[in-house]
Amino acid sequence: MTMEIINVSLKKEIEDLSYPIFVGNNILTKANSLLKKYIENKKIIIIHDNFFSYKNELNNTFIDFVKLIQSISLSVDLISVSGGDQTKNMLQLTDILEQALSYEIDRECVIVAFGGGVIGDIAGFVASVLLRGIKFINIPTTLLSQVDSSVGGKTGVNSKLGKNLIGSFHQPLAVIADINILKSLPDREFRAGFAEVIKYGLIRNKNFFNWLELELENIFNYENFQLKKMITECCQIKAEIIQKDEKENGNRALLNLGHTFGHAIESFGNYDGKIIHGEAVAIGICMAFKFSNMSGFCSKADAERVINIFKKSKLPTSLKEIKNFSINTPEMIEKFKYDKKTRNNKFTFILNNKIGESFIKHDVNVNHLIDFIDKEI
Ligand SMILES: NC(=O)c1ccc[n+]([C@@H]2O[C@H](COP(=O)([O-])OP(=O)(O)OC[C@H]3O[C@@H](n4cnc5c(N)ncnc54)[C@H](O)[C@@H]3O)[C@@H](O)[C@H]2O)c1
């Protein structure tokens, strides 16, 4: 069984926040040895997606994982939470916190998140505030969470006013991305995760983007070799960026390519599943490229090539494809005010000079933006 290990180096004066991301096929069967040094003789709370509570082909993987953790820890308690962004809110957070406290935890207790980005984000936030902060481990089970949300320590929940507005930075002790667990992922969810994969090529690695174009069919056929290479590459790119800028004071914002538009689109949908995060990001990235082209930064040919890979991946590429809820320009502009990159009502967008070269554009001209969105809706 071969496995890649990417080390995220975050050395602090007081605490070393570095951690490994284990990527491979069937590596959850080795969870006891991979996680031993973090959880041995400790109380563990596993916050898991309720998908794994039901009888399904992957339930055994989860049950076996729990047994492995039980074999080396002091105790294991489970908290089941449903996936989907509707779950990522303050009510659910309070519920989990109270449940966790009822298990008589102490500050040595370790939270283990077992699920997609929603479970990882909320469980990480729980860990960051429980008893003023305890450790956590992330076991991402969706493509999106394996390539993106499990790495980098952003945790939190959504607010009625916008996406991920309540949260903290809290790095995990370790991440295990097991490709095998993706087999039961609905096609729509796998494609949505692929939107974030494309993002990495667009931000800073044109060779990776070229490779994705070539390997599209193998990737959607779940070929192990391509999946492992792809997930490893994404984690490596993200690790390189966050090692230099953990708290997003600079270039970490590049990872937000397409997300200012995307988060606004998601909040129009009230997180009810009509449009899911990766789909909103797909539209957002296409909009960022069209806006880059309209603003004179990138060529039309590059923008078209980007739209084309999303189309081939059967992802939405335009607001016009969203049928179930209405979006208007003034409300969309209003939503940008809650974007975490906005300062004094001045908007910042991640734009591209070309494929593989994103940059941070501060103080974007609002009239220009209004004209652009008017054309898009
Ligand atoms: N923290 C970060 O840096 C960061 C980065 C990107 C995205 N995010 C967040 O991640 C969230 C999206 O993550 P997601 O796409 O993983 O969503 P998700 O966690 O809601 O999972 C998507 C769906 O897949 C199901 N599921 C999970 N694992 C499965 C499996 N192995 N087999 C079958 N079904 C499975 C879930 O029950 C859910 O219905 C958003 O809230 C987004 O804001 C966070």
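Counting starts at 1 for both ligands and their atoms, following the listed order. It should be emphasised that the depicted structure is a prediction, and the values quoted were computed from it without experimental measurement.
Remark: Glu279 engages Arg188 in a salt bridge, criterion side-chain N to carboxylate O under 4.0 Å. Ion pairing between Glu213 and Lys312 fails under the 4.0 Å rule for side-chain N and carboxylate O. Taking the charged nitrogens against the carboxylate oxygens, Glu248 and Lys154 do have a contact shorter than 4.0 Å, which makes a salt bridge. A salt bridge between Asp148 and Lys199 is present, with a side-chain N of the basic residue lying under 4.0 Å from a carboxylate O of the acidic one. A salt bridge links Glu376 with Lys290: the distance from a Lys NZ or Arg NE/NH1/NH2 to an Asp or Glu carboxylate oxygen falls below 4.0 Å. The pair Lys314-Asp187 does not meet the salt-bridge criterion, since no charged nitrogen lies less than 4.0 angstrom from a carboxylate oxygen.
The distance from ligand 1 to the heavy atoms of Pro186 drops below 4.0 Å at these ligand atoms: 33 (C), 34 (N). Ligand-side atoms of ligand 1 in range of Thr141: 27 (C), 28 (N), 29 (C), 30 (C), 31 (N), range being under 4.0 angstrom from any heavy atom. Residue contact check: Lys88 has heavy atoms under 4.0 Å from atoms 9 (C), 40 (C), 41 (O), 42 (C), 43 (O) of ligand 1. Counting the atoms of ligand 1 from 1 in the order shown, those under 4.0 Å from a heavy atom of Ser149 are 1 (N), 2 (C), 3 (O), 4 (C), 5 (C), 6 (C), 7 (C), 8 (N), 44 (C). Under a 4.0 Å criterion applied to the non-hydrogen atoms of Asp148, ligand 1 contributes the atoms 5 (C), 6 (C). For ligand 1 and Gly116, the ligand atoms under 4.0 Å from any heavy atom of the residue are 16 (O), 19 (O). Within ligand 1, counting atoms from 1 as listed, the ones closer than 4.0 Å to a heavy atom of Ser184 are 30 (C), 31 (N), 32 (N), 33 (C).
Contacts between Glu189 and ligand 1, counted as non-hydrogen atom pairs separated by less than 4.0 Å, involve the side chain only. Within the 4.0 Å heavy-atom criterion, the part of Phe52 lying near ligand 1 is the side chain and not the backbone. Heavy atoms of Asn50 found under 4.0 angstrom from ligand 1: none, in either backbone or side chain. When non-hydrogen atoms are compared, ligand 1 lies under 4.0 Å from the side chain of Leu144 (C-beta onward) but not from its backbone. Both the backbone and the side chain of Leu185 come within contact range of ligand 1, each with a heavy atom under 4.0 Å. The proximity of Asp49 to ligand 1, defined as any non-hydrogen pair under 4.0 Å, is limited to the side chain.
Annotation: Arg252 places no N or O atom under 3.5 Å from an N or O atom of ligand 1; distance criterion only. On a distance-only criterion, Thr155 and ligand 1 share no N/O pair closer than 3.5 Å. Polar contact check, Asp85 against ligand 1: a nitrogen or oxygen pair lies under 3.5 Å apart. Residue contacts with ligand 1: Lys163 is placed with a nitrogen or oxygen under 3.5 Å of a nitrogen or oxygen of the ligand (distance criterion only).
One side chain, Glu233 or Asn205, offers a donor N or O that lies under 3.5 Å from an acceptor on the other.
In this comparison of Gly153, Gly273, Gly117, the heavy atom closest to atom 14 (P) of ligand 1 sits on Gly117. In the candidate list Gly124, Ser82, Ala192, Gly83, Gly83 is nearest to atom 39 (O) of ligand 1, counting heavy atoms.
Each of Phe65, Phe62, Phe114 was scored for a ring pair (Phe, Tyr, Trp, His ring centres under 6.0 Å) with His48, with one residue passing: Phe62. With respect to Ile122, the side chain to side chain contact (heavy atoms under 4.5 Å, CB included) criterion is satisfied by exactly one of Leu93, Asn158, Thr155, Asn89: Leu93.
At least one heavy atom of Gly84 sits under 4.0 Å from some atom of ligand 1. For the pair Lys238 and ligand 1, a heavy-atom separation below 4.0 Å is found.
Under a cutoff of 6.0 Å and an axis angle of 45°, Lys335 and Phe268 form a cation-pi pair. A cation-pi arrangement, defined by a distance under 6.0 Å to the six-membered ring centre and an angle within 45 degrees of its axis, is absent between Lys206 and Trp211.
Under a 3.5 Å cut-off, the side chain of Asn41 and the backbone N or O of Ser73 do not form any donor-acceptor pair. Side chain of Lys238 to backbone of Val147: no donor-acceptor contact under 3.5 angstrom is found.
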